[in-house]
Amino acid sequence: MIVKIIGSAAGGGFPQWNCNYHLSRNARNAENGFLARTQSSIIASADGKRFVLFNASPDIRQQIQNTPCLHPGADGPLRSTPIAAVVLTNADVDHIAGLLTLRERQAFNLYATKRVLDVLDANPIFNVLNPDLVKRHILPLTGVTAICDVDGNPLDITLETFVVAGKIALFMENAADENFGSQDGDTVGLKIGQTGSNKTLFYIPGCAQVNVELFERVKNADCLLFDGTLFHDDEMLRAGLGPKTGKRMGHISMAGEQGSLRAWQDAAINQKIYVHINNSNPVLDDHAPERQMVEKAGWQVAFDGMEIIL
Ligand code: MLT
Ligand code: MN
């Protein structure tokens, strides 16, 4: 199985369009050690020809352009794409806005939980994906799904879906409800596998907490792509970038007693990679002490174009 991280930043990207924080400024100026990154998305393929796109970021057009294996085949039909299926892990803007770019009468299968599909169903703009061509499929909250193209041909990629602690999409929040109206299925994690192989890759770009159940599920994985949004829970407040903590946004931080570095330190995971990295996170500076700290703990910080072969 080939897995490629085509977008390694969180919502807003790196640099973020309106941000003058030193990290975004340095990335904008292409300073040494500040690699620009597009918004959160990965692709996987069993055969190197047909791909599953996980999360459709607002940067999908640029990501396709940057990724030759996602280009329409030169000797294929006039309109075509190697993207045979799209899977969503939540309904955040950085994970669904790219669906609007995938219009132009292109057929593919779209998979998400009922909670996430309900968000798309409630927003008629997503009907630009012609329902005759783009088939929506419900992912169970727990269980295995064999991913197929629209004609029902298996892509030999299987998904095991599971609920993780998280939050409803920002634009769906209801302040009057507990945890803003979040329910199971608003955020899921995925175990991605290839038919006939026992290699396992977990993709969990949004997660508020690593509980015992999650730890036990993932602890022997070959590869974990995990929520790397923030380093410190209050880093956005401290930097004057915004009023929200990581907890408020449904994201665990890297540092601290409750952080992800601590949570995964005793796991026997072969390869641990932080994805969905926010433009406030100091690990985006290749030379920062925080970057050295996560690397010393056995983590890699994802960059666009990073490839994992399992
Ligand atoms: C998140 O991951 O918390 C969201 O992408 C935030 C947002 O919607 O901008
Ligand atoms: Mn996000």
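When a ligand or atom number is given, it counts from 1 through the structure's own listing order.
With rounding to the nearest 0.5 Å, the separation of CG in Asp156 from CD in Gln194 is 6.5 Å.
For the Mn ion (ligand 2), the N/O/S atoms of His276 include one lying under 2.8 Å.
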Give every pair made of an N or O atom of ligand 1 and a protein N or O atom lying under 3.5 Å apart, one pair per line with both atom names and the distance to 0.1 Å, or write 'none'.
from     : atom 1 : to     : atom 2 : distance (Å)
ligand 1 : 2 (O)  : Asp92  : OD2    : 3.3
ligand 1 : 2 (O)  : His251 : NE2    : 2.8
ligand 1 : 2 (O)  : His276 : NE2    : 3.1
ligand 1 : 3 (O)  : His251 : NE2    : 2.8
ligand 1 : 5 (O)  : Asp94  : OD1    : 2.8
ligand 1 : 5 (O)  : Asp94  : OD2    : 3.2

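Using a 4.0 Å cut-off between charged side-chain N and carboxylate O, Arg115 and Asp184 make no salt bridge. Taking a cutoff of 4.0 Å between a charged side-chain nitrogen and a carboxylate oxygen, Arg217 and Glu160 qualify as a salt bridge. Here Glu235 does not pair with Lys244 in a salt bridge; the nearest charged N to carboxylate O distance is not below 4.0 Å.
Checked against the Mn ion (ligand 2), the N, O or S atom of Asp94 at the shortest distance is OD2.
By the side chain to side chain contact (heavy atoms under 4.5 Å, CB included) test, Ser45 is found to be paired with Asp47, Phe51, residues two or more places apart in sequence or in another chain being considered. Checked against side chain to side chain contact (heavy atoms under 4.5 Å, CB included), Leu35 has the following partners two or more places apart in sequence or in another chain: Arg37, Phe303. Qualifying side chain to side chain contact (heavy atoms under 4.5 Å, CB included) partners for Asp285, counting only residues two or more places apart in sequence or in other chains: Leu23, Phe34, His287, Ala288.
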